[in-house]
Amino acid sequence: TGLDYLDLDTNSLSGTIPPHLSNLTGLDYLDLDTNSLSGTVSSLLSNLTKLTILDLDTNQLSGTIPSQLSDLTRLNYLYLDVNSLSGTIPSELANLVGLIELDLSNNSL
């Protein structure tokens, strides 16, 4: 699609991350922070290979961080802080060589 910037932060969104967002393959920037999103961080987000910024902080996301996020090779900023994520940090994230900032604070990792 032609959409490259989607900012829906602080909108009282609830439910899971909509799977159809993974169809927006032209996205460079996805910001869903400060909502009430629940469920897991969808591995379908790995379809958004043009993303440079993924911001999902300050929600109610749970489960583990999907290793498929390492497919986002253009990613510079990844914010998953202030959620309820658990488990280990996938070692595959080390493959994100362009990553400038990674915030996983305030989870149960």
Side-chain angles (χ1 to χ4, degrees):
T1 70
L3 186 66
D4 63 1
Y5 187 98
L6 183 58
D7 187 345
L8 296 171
D9 73 30
T10 317
N11 271 294
S12 301
L13 298 175
S14 61
T16 60
I17 297 171
H20 62 272
L21 283 179
S22 66
N23 296 330
L24 300 174
T25 55
L27 279 183
D28 173 70
Y29 179 99
L30 177 59
D31 187 349
L32 299 174
D33 81 82
T34 316
N35 282 292
S36 296
L37 295 171
S38 59
T40 61
V41 176
S42 174
S43 61
L44 292 175
L45 292 175
S46 65
N47 293 340
L48 304 177
T49 57
K50 294 184 179 179
L51 277 183
T52 59
I53 299 172
L54 177 58
D55 190 349
L56 301 175
D57 76 81
T58 316
N59 278 289
Q60 299 165 13
L61 299 170
S62 59
T64 59
I65 299 170
S67 61
Q68 293 90 339
L69 290 183
S70 66
D71 293 340
L72 302 176
T73 56
R74 296 185 184 185
L75 207 58
N76 297 132
Y77 300 91
L78 177 57
Y79 302 107
L80 298 173
D81 50 305
V82 193
N83 278 290
S84 297
L85 299 172
S86 59
T88 59
I89 299 168
S91 61
E92 294 87 350
L93 292 184
N95 297 330
L96 297 174
V97 295
L99 204 58
I100 296 168
E101 193 166 334
L102 172 63
D103 193 343
L104 302 175
S105 62
N106 293 300
N107 281 291
S108 297
L109 300 168

Open item on the list: Taking the side chain as everything from C-beta on, heavy atoms only, tell me whether L69 gets closer than 4.5 Å to L93.
Closed with: yes
Task: Exam field: side chain S42 to backbone L44, donor-acceptor pair closer than 3.5 Å - done: yes
Open item on the list: Less than 4.5 Å apart, side chain to side chain, heavy atoms only: is that true for L30 and I53?
Closed with: no
Open item on the list: Just by distance, no angles: are the side chains of T52 and D28 close enough, under 3.5 Å, to form a donor-acceptor pair?
Closed with: yes
TODO: Taking the side chain as every heavy atom from C-beta outward, state whether I65 and V41 have any pair of such atoms under 4.5 Å apart.
DONE: no
TODO: Look at the side chain of D81 and the backbone N and O of T58, then say whether any donor-acceptor pair between them is shorter than 3.5 Å.
DONE: no
Open item on the list: Which heavy atom of S46 sits nearest to which heavy atom of Q68, and what is that distance?
Closed with: CB-O, 3.2 Å
Task: Heavy-atom closest pair, residues N59 and D57 - done: ND2-O, 3.2 Å
Task: Smallest separation among heavy atoms of L99 and Y77, with atom names - done: CD1-N, 4.0 Å
- [ ] Indicate yes or no: at least one non-hydrogen side-chain atom of L54 is less than 4.5 angstrom from one of L75.
- [x] yes
Open item on the list: Any heavy-atom pair between the side chains of L27 and Y5 that's under 4.5 Å?
Closed with: no
Task: Validation row: L80, D55 side chains within 4.5 angstrom (heavy atoms) - done: no
Task: Test item: L61 and L56 side chains (from C-beta on) under 4.5 Å apart, heavy atoms - done: yes
Task: Validation row: T73, T49 side chains within 4.5 angstrom (heavy atoms) - done: no
- [ ] Without swapping roles, check the side chain of N35 against the backbone of L8 for a donor-acceptor pair under 3.5 Å.
- [x] yes
TODO: Go through the steps to decide whether L85 and L109 satisfy the test side chain to side chain contact (heavy atoms under 4.5 Å, CB included), and finish with yes or no.
DONE: CA-CA 6 Å; L85 299 172; L109 300 168; 4.2 Å; yes
Task: Closest heavy-atom pair and its distance - Q60, N83 - done: N-OD1, 3.4 Å
- [ ] Examine distances only and state if a side-chain atom of D31 and a backbone atom of D33 form a donor-acceptor pair shorter than 3.5 Å.
- [x] yes
